[in-house]
2 protein chains.
Amino acid sequence: MPERAVTIRDVAREAGVSVATVSRVLNDSGPVREATRERVLGVATSLRYVPNQAARSLITRETLTIGVLLPDLYGEFFSEVIRGIDLGVQRERYHLLLSGSHDDWEEISAALRAMHRRVDGLVIMSPDLDAAAVQSTVPSDLPVVLLNCAASGRDIPAINIDNRGGARAMVEHLLSLGRRRIAFVCGPARNHDAAERLAGYREALAAAGLASQARELPGDFNELGGYRALRELLEAGEGPGVDAVFAANDSMAVGVLSALREAGVRVPEEVGVAGFDDIPIARYLSPPLTSVHVPIAELGLRAVSALLRAVRGGPRDASGEARQELLATQLVIRRSCGSLTTCGPDGADGADGANELVGGSSGARGGKGAPLTGESA
Amino acid sequence: MPERAVTIRDVAREAGVSVATVSRVLNDSGPVREATRERVLGVATSLRYVPNQAARSLITRETLTIGVLLPDLYGEFFSEVIRGIDLGVQRERYHLLLSGSHDDWEEISAALRAMHRRVDGLVIMSPDLDAAAVQSTVPSDLPVVLLNCAASGRDIPAINIDNRGGARAMVEHLLSLGRRRIAFVCGPARNHDAAERLAGYREALAAAGLASQARELPGDFNELGGYRALRELLEAGEGPGVDAVFAANDSMAVGVLSALREAGVRVPEEVGVAGFDDIPIARYLSPPLTSVHVPIAELGLRAVSALLRAVRGGPRDASGEARQELLATQLVIRRSCGSLTTCGPDGADGADGANELVGGSSGARGGKGAPLTGESA
DNA sequence: CTTATCTCTGGAAACGTTTTCAGAAAAACG
DNA sequence: CGTTTTTCTGAAAACGTTTCCAGAGATAAG
């Protein structure tokens, strides 16, 4: 099975020119006469020549690939992030090397070693880790962008969701509906997003002078976690003892709804329920779930932009400190908190509207006060 | 910023040996004295030497990377597939080059060209395409595995879900509950999985002598599609006119449930609802959704296994024809079809059980009659 | 002691590009 | 027409590996 691959040399020979000229034509670097150019191009396509990437990146020292490190590849959230990243990467004609399922630090650094020299830059998403740790492990000449990490080290660019602002907005909304005893179902203890959402909850409660009313239930970001949290709450006393439950993400809100239904507690009449993320099914739940919309795909898209900026700007950007971006969220009000009386999940025409209210954005601000334009994915 | 990367030559010099020896140590190919070996290894780690992948794959002509082509990166389903693939790839110490969002044939072939020589093999998932088309575009020396494609060309290995058997099993179950007028919400017209599920529905109905009762509603695999389909059904006559609705996937079933609830139709008393895929939230819906469980992650895992087998076995495996695998599905019976009277989505301990019945598998069979072992991901 | 077989090692040729440098041809200019 | 500039082109040197080949000791066999 020889079938030797066609190389640049074959093209050169066939076209009666040198390899240098072929290279020039293909990358249009340097001048080449029009006639020659066309001849080379013709030969190249007729031979189905495709440049050998390994050889090319051996000498140019760039791979046209970016790496993505994810904690684990579960669920809608990651799926959307990847989609955003893929979109961005494709637009810039880059490639995407994916590596998932990294829970602990050992695995991350192993994956990192494995990606060495295979990628021009790295997007690391690991809500459990902080920036300092990353900084000490990643080779200093490899551009990195952090997603949803505790950004302690200010000189790594990072993109985050405005978790705190979103949670605050949601709690304020619940308060405005007259709900006073609002429980919060937490995410995983060491998760950065979860911590920020919790902080937002506390802030809003404190601002309303209701800090003493805080009720924080442990959770894990999964449906089962929300389900269990509510079960325990319900079993603790007679009746739920709260008039609203705010889950740190939608998956848990699904579990919360399920537990309440099972216990015969009416939503939203007795207890309002709210989530965070606004995953696609949120509006189809029963009742449709009030949530905080997060532009997940855009998170990925922006990560790619930021990374490629760093890649192209050379190892250390002259502009100095690294950018920190904060993505605005949006309150999406549906029936699960009792603010609307209409029913049905959606207008029959598929557009948003009819039945849901999109609330004020939760304060977007760039690292340097630059406003974020709303170019959504 | 020179900071020249450390090469094999540096290691060789430092250890006082030739580059050939270093190479031998690192790949343990060929004999080398124990003392030398240790010295080289020591120097290598102390210099933090990492081999340059480009140079290596330039000469070995292998990239230790497999490519994955996906139609689009939406939702739980793809997320799970990717997870399975990632698991398999990681286990075999390969890398994963991902490329998504390819709807039409043009884009696929463009992505294919771009991946040329960057990958040792390809997993292509495109339910809209058939194998013949793939075969004509992919370079013949690049191993390929097809996922969920119409496998017309028998000499490309393909892995499919037993969509037809799963659908048949579900219809049989509905019939066994006494439901006779069963509507089916179809998937996208050109999607292979969708077509097979429809075929299963028809087969089961025909086998029961109820072919004339078939009621097929157009759909698109999204929540909104299911919602609309039911709306139209409900508006057509007074009352639903059916006693069960079988949606071609769970997302649509969510929409179906939502539309029924909105119209005040009780589930499962008046109309039973069933889905396909058994996505994680299925058991938390109201009522918990009866569905056909699909081992999605395993689909990805198997794809990797099959692909690497092909990669390592050389361009054309001597064993002759390519394997076609068919993955068994499982009926998961919950409350939405009215066969159980208990309530609540789950045992409080998180295990399956208490409240759901896992039905007989829908006939697994390998391409050559080999039974599929249930080594789940 | 010679010869044949091991075990270990280093030199050098690949692999398929890009890029530098210098030379050749063409064009512009006097 | 000679000179200078400009445009185009090719030879050859990288890039960092792996691998082939042959040589050097050492050990075993005769």
Side-chain angles (χ1 to χ4, degrees), chain A residues 2-41 43-44 47-65 113-114 116-120 139 141, chain B residues 2-41 43-44 47-65 113-114 116-120 139 141:
Chain A
E3 188 156 3
R4 218 176 49 74
V6 29
T7 97
I8 197 176
R9 237 177 279 279
D10 300 324
V11 178
R13 180 167 16 81
E14 200 74 11
V17 296
S18 75
V19 294
T21 300
V22 177
S23 176
R24 270 188 288 259
V25 169
L26 263 34
N27 311 321
D28 46 291
S29 56
V32 40
R33 206 184 330 162
E34 188 52 28
T36 325
R37 152 180 222 77
E38 280 172 11
R39 185 152 33 94
V40 169
L41 244 31
V43 171
L47 290 184
R48 296 183 196 286
Y49 168 69
V50 182
N52 181 317
Q53 184 52 40
R56 172 177 283 177
S57 69
L58 175 56
I59 188 148
T60 61
R61 343 182 62 66
E62 66 177 12
T63 61
L64 296 184
T65 302
R113 240 190 324 277
H116 184 77
R117 288 266 162 238
R118 295 187 110 103
V119 298
D120 297 339
D141 56 344
Chain B
E3 189 157 2
R4 217 175 50 73
V6 31
T7 99
I8 198 176
R9 237 177 280 280
D10 301 323
V11 178
R13 180 166 17 79
E14 200 74 10
V17 297
S18 75
V19 294
T21 299
V22 177
S23 176
R24 271 188 288 259
V25 170
L26 264 33
N27 310 319
D28 44 290
S29 56
V32 42
R33 209 187 325 164
E34 188 53 27
T36 324
R37 151 181 224 77
E38 280 172 10
R39 185 154 32 95
V40 168
L41 244 32
V43 171
L47 291 183
R48 295 182 197 285
Y49 167 69
V50 182
N52 180 318
Q53 184 52 40
R56 173 177 282 178
S57 70
L58 175 56
I59 189 146
T60 61
R61 344 182 60 69
E62 67 177 11
T63 61
L64 296 184
T65 302
R113 239 190 324 277
H116 184 77
R117 288 266 163 237
R118 296 186 108 103
V119 297
D120 297 338
D141 56 345

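Every chain is numbered from 1 and lettered A, B, ... according to where its sequence line falls, protein lines coming before strand lines. A quick note: this is a predicted structure, and the numbers were derived from the prediction, not measured.
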Once you round to the nearest 0.5 Å, how far does [atom1] of [X] lie from [atom2] of [Y]?
| X | Y | atom1 | atom2 | result |
| --- | --- | --- | --- | --- |
| B:R24 | B:R37 | CZ | CZ | 12.0 Å |
| B:N52 | A:L58 | CG | CG | 6.0 Å |
| B:R118 | A:T65 | CZ | OG1 | 4.0 Å |
| A:R33 | A:T21 | CZ | OG1 | 10.5 Å |
| A:R9 | A:S18 | CZ | OG | 10.5 Å |
| B:R117 | B:R61 | CZ | CZ | 5.5 Å |

* Asked: Going by heavy atoms in the side chains, are B:N27 and B:R56 under 4.5 Å from each other?
  -> yes
* To do: Anything under 4.0 Å to a heavy atom of chain A counts; send over the first and last such nucleotide of DNA chain C, read 5' to 3'.
  => C:dG16 to C:dT19
* Which residue, B:A20 or B:I59, contacts DNA chain C at a nucleotide closer to its 5' end, judged by nearest heavy atom? -> B:A20
* Structure fact -> Assign each of B:R39 and A:A54 the nucleotide of DNA chain C bearing its closest heavy atom; nearer the 5' end lies the nucleotide of B:R39
* Work out which heavy atom in B:Q53 is nearest to a heavy atom in B:T63; give both atom names and the distance. => NE2-O, 4.0 Å
* Structure fact -> Correct closest heavy-atom pair for A:L64 and A:D120 would be N-OD2, 2.8 Å
* Asked: Is the backbone N or O of A:A15 less than 3.5 Å from a side-chain atom of A:R39, with the two atoms forming a donor-acceptor pair by type?
  -> yes
* Whole angstrom is fine here: how far is it from CZ in A:R37 over to P in D:dC8? => 11 Å
* Asked: When all nucleic acid strands are considered with a 4.0 Å heavy-atom cut-off, which category describes B:S23: base, sugar-phosphate, or nothing?
  -> base
* **DNA chain D contacts made by residues 24-36 of chain A, counting heavy atoms under 4.0 Å** => A:R24, A:P31, A:V32, A:R33, A:T36
* Stretch residues 9-19 of chain A: residues that reach within less than 4.0 Å of DNA chain C through a heavy atom -> A:R9
